[in-house]
Novice: 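To start, I am sharing the structure in question, which I have written as structure tokens.
Predicted model, so just to flag it, every value in this text is computed and none were measured. When a residue number appears, it is its place in the shown sequence, counting from 1.
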Amino acid sequence: MNRKYSKDLVDGPNQAASRSMLRGVGFTSEDFTKPLVGIASTGAKVTPCNMHINDLAEVVESSINNANGKGVLFNTITVSDGISMGTQGMKYSLVSREVIADSIETVVGCLGYDGVISIGGCDKNMPGCIIGMARLNRPSIFVYGGSIKPSDENTDYVTVCEKTGEFSKGDLPEHELIHVEKISVKGPGSCGGMYTANTMASAIEALGMSLPGSSSQDAVSSDKEKDCKEAGKAIMHLLDNDIKPSDIMTKEAFENAIAIVIALGGSTNAVLHIIAMADAIGVKITLDDFTRIGKKTPVLADLKPFGKHFMSELNASGGIQPLMKAMLEKNILNGECLTVTGKTLKENLKNISPYKDTSIIRAFNNPIKENSHLRILYGNLAKEGAVAKITGKEGTSFTGSARVFNSEEDGVEAILSKEIKAGDVVVIRYEGPKGGPGMREMLKPTSAIMGQGLGDQVAFITDGRFSGGTHGFVVGHITPEAADGGVIAVIQDGDEITIDANSDQLSLNIPNEDIESRLAVWKNPKTPPKKGVLSKYAKSVKSASLGAITD
């Protein structure tokens with residue numbers, strides 16, 4: 001058995017004191033001869049996404065022990081994007097990805113675990129888990145906590161956000177808004193559309209780091225319990241064969257993950273997280289890889305936020321495995337990539353049957369979009385790149401007049417006060433990784449725009465980022481960000497801006513000499529925090545175009 005790390009911790013007379021401490025938490029003499037597997041649980045009562053994960057972690061622990069290993073449970077943090085959305089608290093969301101990765105690395109590195117299973121549910125703890133396991137590079141598996149089901153009225157968290165916009169417009173009475181609020185989120189599980197949680201779960205399954213089927217399962221289901229029960233046997237197989245994340249998380253595997261994100265119409269956050277996850281394992285993924293893969297990969301999934309269906313419906317029709325099988329047959333995926341089953345992706349998919357109908361995942365000859373909805377834009381407003389989420393429903397190009405705000409709060413107030421009109425380009429800046437600090441998600445303003453019926457009449461650009469629930473004509477991750485003196489910092493009200501997803505350009509339509517003269521006198525109007533985690537983050541974080549990593 002592979003006990004590469006634990007033997008130094010518990011073998012021999014000199015480690016008697018260590019063993020004594022471990023006996024205190026229930027270890028037996030026999031346990032000291034087994035591989036130790038750390039189980040990183042993101043369980044917490046702070047959000048529905050994670051409220052059940054400690055229960056899943058106990059199932060995983062039993063599965064390891066039953067497979068002749070020794071599972072050791074520990075917790076890391078989680079925060080809630082959905083709860084903190086639109087507040088100063090949202091600044092901590094992306095920061096939590098790094099805290100989670102650091103904490104998993106810290107516990108496992110300190111306590112000599114031979115393998116790691118991490119269990120995540122909400123947006124940032126999934127890439128955080130993968131980054132932590134990649135740094136450690138010990139046999140590892142990710143288990144997804146699963147998706148919540150929609151309400152009986154087919155509503156969810158994003159419905160509530162958009163209904164708030166309708167209320168502000170005067171189209172919805174308050175009692176109806178409160179009704180939707182009360183019914184839309186009940187029980188455990190991550191937000192039910194192809195938002196960031198389900199996007200990242202799907203990407204991780206395609207990457208090969210979770211067991212087949214893990215990404216689409218309902219949070220409360222026999223399938224999810226089975227996923228956890230199978231984890232113990234799977235991690236022991238990885239340990240016996242010394243299969244590590246570096247054997248699985250290859251360049252080709254990340255390309256598979258990108259292709260799945262595009263086919264599913266996934267969140268722009270995937271760009272940030274996939275680049276960061278790849279960096280953690282020493283693989284170089286750039287913005288341009290998304291463009292390259294996007295040219296050959298259609299959007300096939302009719303899933304929310306811009307489609308009709310929820311993840312629970314896709315799960316009932318077979319999950320993402322039939323999609324991967326079809327993409328493999330079209331040579332969009334690389335089937336030779338190794339996975340945590342110890343088999344290749346092609347071997348995992350060998351006996352998978354096609355979907356019985358194409359109402360959720362369309363056929364290749366009838367795509368929602370023939371190429372990627374994730375557009376990497378360049379231009380004088382984004383010399384290092386920006387990420388747009390453009391499905392084509394609102395068109396593929398937009399030219400309008402800038403309405404500039406130096407914070408999300410100021411932008412939201414203007415939208416809800418009906419100050420934003422058709423033809424405007426809303427600019428919210430100083431919300432980047434360094435400038436926020438923390439790169440807040442802009443679901444509240446974009447939902448308000450959609451709720452007011454302006455989705456195809458107003459564009460939105462920011463150096464912040466977007467929730468997976470965002471849709472509309474939106475561009476985020478603009479780099480260089482405003483706090484670094486990017487051109488977004490010197491846009492003025494009334495300036496003409498063009499977003500063109502046909503030529504992948506983002507342009508401020510004023511003379512270059514005017515841009516240079518504005519930059520020459522520009523000063524950052526915001527003072528960064530002096531202490532605490534946000535201060536540390538602002539000092540260490542790199543550009544969004546590099547995944548907003550802190551290494």
Novice: Could you give me the CA-CA distance, side-chain angles and deciding distance for D156 and T159, then say whether side chain to side chain donor-acceptor pair (under 3.5 Å) is met?
Specialist: CA-CA 5 Å; D156 69 348; T159 310; 2.9 Å; yes
Novice: Determine yes or no for a side-chain-to-main-chain donor-acceptor pair under 3.5 angstrom, with T396 supplying the side chain and A501 the backbone.
Specialist: no
Novice: I'd like to know if the side chain of R465 reaches the main chain of N269, judged simply by a donor and an acceptor atom lying under 3.5 Å from each other, with no hydrogens or angles considered.
Specialist: no
Novice: State, yes or no, whether a side-chain contact exists between I549 and R97 at a heavy-atom distance under 4.5 Å.
Specialist: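 In contact.
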Novice: Do you know the tightest heavy-atom contact between S96 and I77?
Specialist: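 Taking every non-hydrogen atom into account, CB-CD1, 4.2 Å.
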Novice: Taking the basic N atoms (NZ, or NE/NH1/NH2) and the acidic carboxylate oxygens, is any pair closer than 4.0 Å for R135 and D102?
Specialist: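 The answer is yes: the pair qualifies as a salt bridge.
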Novice: Using only atom types and a distance under 3.5 Å, with no angle test, would you say the side chain of T446 pairs donor to acceptor with the backbone of L443?
Specialist: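 Side chain of T446 to backbone of L443: a pair is present.
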Novice: Any non-hydrogen side-chain atom of I39 less than 4.5 Å from a side-chain atom of Y113?
Specialist: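 In short, these two side chains do not touch, never coming nearer than 4.5 Å.
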Novice: Under the 3.5 angstrom rule, does the side chain of T42 hit a backbone N or O of I119 as a donor-acceptor pair?
Specialist: yes
Novice: Check the surroundings of atom CZ in F405: do more than 12 heavy atoms from other residues, nucleotides or ligands lie under 6.0 Å from it?
Specialist: yes
Novice: Is the side chain of E252 donor-acceptor paired with the backbone N or O of N334 at a distance under 3.5 Å, no angle test?
Specialist: no
Novice: Hydrogens and angles aside, do Y430 and N524 bring a side-chain donor and acceptor to less than 3.5 Å of each other?
Specialist: no
Novice: More than 12 heavy atoms of other residues, nucleotides or ligands under 6.0 Å from NZ of K295: yes or no?
Specialist: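 Counting neighbours around NZ of K295, 12 or fewer heavy atoms of other residues, nucleotides or ligands fall under 6.0 Å, so no.
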Novice: Got Y157 and M85 here, is their nearest side-chain heavy-atom distance under 4.5 Å?
Specialist: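 Answer yes - side chains close enough.
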Novice: Does NZ in K251 sit with more than 12 non-hydrogen atoms of other residues, nucleotides or ligands closer than 6.0 Å?
Specialist: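 Check passes, neighbour count above 12.
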Novice: Do Y144 and D227 have side-chain heavy atoms sitting under 4.5 Å apart?
Specialist: no
Novice: Is the shortest side-chain heavy-atom distance between L381 and I491 below 4.5 Å?
Specialist: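 Yes. Closest side-chain heavy atoms under 4.5 Å.
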Novice: Taking A482's backbone N and O only, do any of them form a donor-acceptor pair with R429's side chain (distance below 3.5 Å, no angle check)?
Specialist: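 No, the answer is negative, given that no donor and acceptor are paired below the 3.5 Å cut-off.
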Novice: Drop me the distance from T391's OG1 to I368's CD1, to the nearest 0.5 angstrom.
Specialist: 8.5 Å
Novice: For F398 and F473, take the angle between the two ring planes, folded into 0 to 90°, and tell me which bin it lands in: parallel under 30, tilted 30 to 60, perpendicular over 60.
Specialist: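 The rings of F398 and F473 sit tilted, inter-plane angle from 30° to 60°.
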Novice: Quick one: do the T199 and S267 side chains pair a donor with an acceptor below 3.5 Å?
Specialist: no
Novice: Under the criterion salt bridge (charged side-chain N to carboxylate O under 4.0 Å, His left out), I'd like the reasoning laid out for E408 against K91: C-alpha separation, chi angles, the key distance, then a yes or no.
Specialist: CA-CA 11 Å; E408 180 185 3; K91 292 182 176 182; over 6 Å; no
Novice: Determine the minimum heavy-atom distance between I104 and C129, stating which atoms define it.
Specialist: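 Smallest interatomic distance, heavy atoms only, reads CD1-CA, 3.8 Å.
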Novice: Of all heavy-atom pairs between G438 and L94, which one has the smallest distance, and what is that distance?
Specialist: O-CB, 3.5 Å
Novice: Could you grab the distance from atom OG1 of T250 to atom CG of L207, nearest 0.5 Å is fine?
Specialist: 8.0 Å
Novice: Nearest 0.5 Å, please: how far is CG in D504 from CD1 in I376?
Specialist: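 The CG atom of D504 is 8.0 Å from CD1 of I376, to the nearest 0.5 Å.
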Novice: Does CD belonging to E496 count more than 12 external heavy atoms closer than 6.0 Å?
Specialist: yes
Novice: For the side chain of D500 and the backbone of S397, is there at least one donor-acceptor N/O pair under 3.5 Å apart?
Specialist: no
Novice: Would you say the side-chain atoms of K224 pair up with the backbone N or O of S214, donor to acceptor, closer than 3.5 Å?
Specialist: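 A pair under 3.5 Å: yes.
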Novice: Tell me, please, which residues at least two apart from Y537 pass ring pair (Phe, Tyr, Trp, His ring centres under 6.0 Å).
Specialist: none
Novice: When you compare the side chain of I449 with that of I420, does any pair of heavy atoms fall below 4.5 Å?
Specialist: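 Of all side-chain heavy-atom pairs linking I449 with I420, none is under 4.5 Å.
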Novice: Is it the case that the side chain of H477 and the backbone of A388 share a donor-acceptor pair, with hydrogens and angles ignored and the cut-off at 3.5 Å?
Specialist: no
Novice: If we ignore hydrogens and angles and just use 3.5 Å, is the side chain of T47 paired with the main-chain N or O of N50 as donor and acceptor?
Specialist: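 A pair under 3.5 Å: no.
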Novice: Can you find a side-chain donor-acceptor pair between T550 and E98 that sits under 3.5 Å?
Specialist: yes
Novice: Minimum heavy-atom separation for G43 and I53, please, with both atom names.
Specialist: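 Residues G43 and I53, closest heavy atoms: N-CG2, 3.6 Å.
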Novice: Taking the basic N atoms (NZ, or NE/NH1/NH2) and the acidic carboxylate oxygens, is any pair closer than 4.0 Å for D279 and K542?
Specialist: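 Salt bridge flag = no for K542 with D279.
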